[in-house]
Amino acid sequence: MQLNPYGEARVRFVTDLTNTPPTSADELAQRCTAAGIPLDHPVTDRDLREVVGFLARWAEVVDADTDARRAALLNALLAESTAHPRLTDHANGGWHLHYREDGLSMGGVLCAIAAIGTALHLTSLGMHRLGRCALAECGNAFADFTRAGRQRYCSPICANRDAVRRHRAKRAASGRS
């Protein structure tokens, strides 16, 4: 049985790509491989351009100020990068759903899995489950997979850094050093 190709790992992958966009087709291919995304085709410079353009638009979904705006932006990405769902058993890997046309370039595949994964993430966990790190100097995007759904930081490192900063400011305000 195959793991969900549109699940948490793919949302984390698109978030990582957004925070640190690939700068070459080779780097994109290496990052796909490391993320467990099978490369059915070689990754080209055209794929890189397509993915980087998609990432800029995906960041707009992250930054949307209302649920309705977030949905509208994501719906536009879904309309451009996905197709009607259908069952497939390509490469005898087990039956699963594809939300994309066959024969897409790697860039097209990545855009489709990112758009569908994000839509499933938001509709199953909550439309507020994308954000930017609350640490002022960071600003990385994150996808909130926490149980409570109140994530504010992209990583424990940023959360700790901000907690230390608040603690020191509180101590300084009270006259203690």
Side-chain angles (χ1 to χ4, degrees), residues 4 6-37 43 45 47-82 107 110-177:
N4 179 359
Y6 304 104
E8 179 178 338
R10 299 309 180 241
V11 178
R12 290 187 188 279
F13 182 64
V14 72
T15 302
D16 180 59
L17 289 178
T18 299
N19 292 332
T20 311
T23 58
S24 70
D26 287 341
E27 179 189 349
L28 180 57
Q30 290 169 3
R31 289 172 74 181
C32 287
T33 301
I37 297 171
V43 177
D45 287 340
D47 294 320
L48 176 67
R49 287 189 301 275
E50 182 176 5
V51 168
V52 169
F54 175 90
L55 294 173
R57 294 186 56 214
W58 190 84
E60 293 174 7
V61 175
V62 171
D63 296 332
D65 56 354
T66 66
D67 290 352
R69 179 75 177 139
R70 181 167 278 159
L73 291 166
L74 186 52
N75 280 337
L77 290 175
L78 287 165
E80 293 169 19
S81 60
T82 64
L110 293 174
C111 294
I113 64 175
I116 289 292
T118 302
L120 292 171
H121 173 70
L122 295 176
T123 57
S124 56
L125 295 178
M127 291 297 288
H128 66 285
R129 295 291 192 117
L130 293 176
R132 293 279 178 181
C133 187
L135 185 65
E137 64 268 22
C138 180
N140 277 343
F142 65 84
D144 183 353
F145 290 96
T146 65
R147 187 180 314 198
R150 293 189 302 257
Q151 184 171 334
R152 295 183 48 228
Y153 299 94
C154 68
S155 69
I157 292 169
C158 285
N160 290 340
R161 185 174 292 143
D162 209 26
V164 167
R165 184 175 293 151
R166 286 190 314 271
H167 174 74
R168 288 179 179 162
K170 185 176 179 181
R171 285 183 61 123
S174 68
R176 291 182 272 164
S177 34

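This structure is a prediction, so every number in the text was calculated from the model and none was measured.
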Distance from C111 atom SG to L55 atom CG, nearest 0.5 Å? 7.5 Å
If you round to the nearest 0.5 Å, how far is OG of S155 from CG of L135? 8.5 Å
Does L77 reach the side chain of T118, with side-chain heavy atoms less than 4.5 Å apart? no
Under the side chain to side chain contact (heavy atoms under 4.5 Å, CB included) test, residues paired with A143 that sit two or more places apart: V11, T15, H121, L130, F145
Not counting sequence neighbours, which residues clear side chain to side chain contact (heavy atoms under 4.5 Å, CB included) with R166? List them please. Y153, D162, A163
About how many Å separate OG1 of T18 and CZ of F142, when rounded to the nearest 0.5 Å? 13.5 Å
Nearest 0.5 angstrom please: L48 CG to T23 OG1, how far? 7.5 Å
What residue pairs, at least two apart or across chains, pass salt bridge (Lys or Arg N to Asp or Glu O under 4.0 Å) with a residue in residues 53-62? R57-E80
T66 meets the side chain to side chain contact (heavy atoms under 4.5 Å, CB included) criterion, sequence neighbours left out, with A68, R69
Which heavy atom in G149 sits nearest to a heavy atom in T146, and how many Å separate them? N-OG1, 3.0 Å
D26: what forms a side chain to side chain donor-acceptor pair (under 3.5 Å) with it, not counting sequence neighbours? none
Work out which heavy atom in G131 is nearest to a heavy atom in V62; give both atom names and the distance. O-CG1, 3.4 Å
Enumerate the residue pairs fulfilling salt bridge (Lys or Arg N to Asp or Glu O under 4.0 Å) with a member in residues 117-126, sequence neighbours excluded, ordered by first and then second residue. none
CG (L74) and CE (M127) are apart, to the nearest 0.5 Å, by 7.0 Å
Minimal non-hydrogen separation, C154 against A141, with atom names: CB-O, 4.2 Å
Pairwise salt bridge (Lys or Arg N to Asp or Glu O under 4.0 Å) hits with a residue in residues 141-154, at least two apart: R129-D144
Can you name the side chain to side chain donor-acceptor pair (under 3.5 Å) partners of S81, sequence neighbours left out? none
Nearest heavy-atom approach of V61 to R70 is O-NE, 2.8 Å
Residues at least two apart in sequence or cross-chain that pass side chain to side chain donor-acceptor pair (under 3.5 Å) with R165, listed by chain then number, are E137
Between D47 and G107, which heavy-atom pair has the shortest distance, and what is it? OD1-N, 3.0 Å
Which residues satisfy the salt bridge (Lys or Arg N to Asp or Glu O under 4.0 Å) test with R49, sequence neighbours excluded? none
Minimum heavy-atom distance W58-A114, with the two atoms named: NE1-O, 4.5 Å
Quick one: does I113's side chain get under 4.5 Å of I37's, heavy atoms only? yes
Partners of R31 by side chain to side chain contact (heavy atoms under 4.5 Å, CB included), sequence neighbours excluded? F13, D16, L17, T20, P22, E27
Apply side chain to side chain donor-acceptor pair (under 3.5 Å) to R161 and list each qualifying residue two or more places apart in sequence or on a separate chain. none
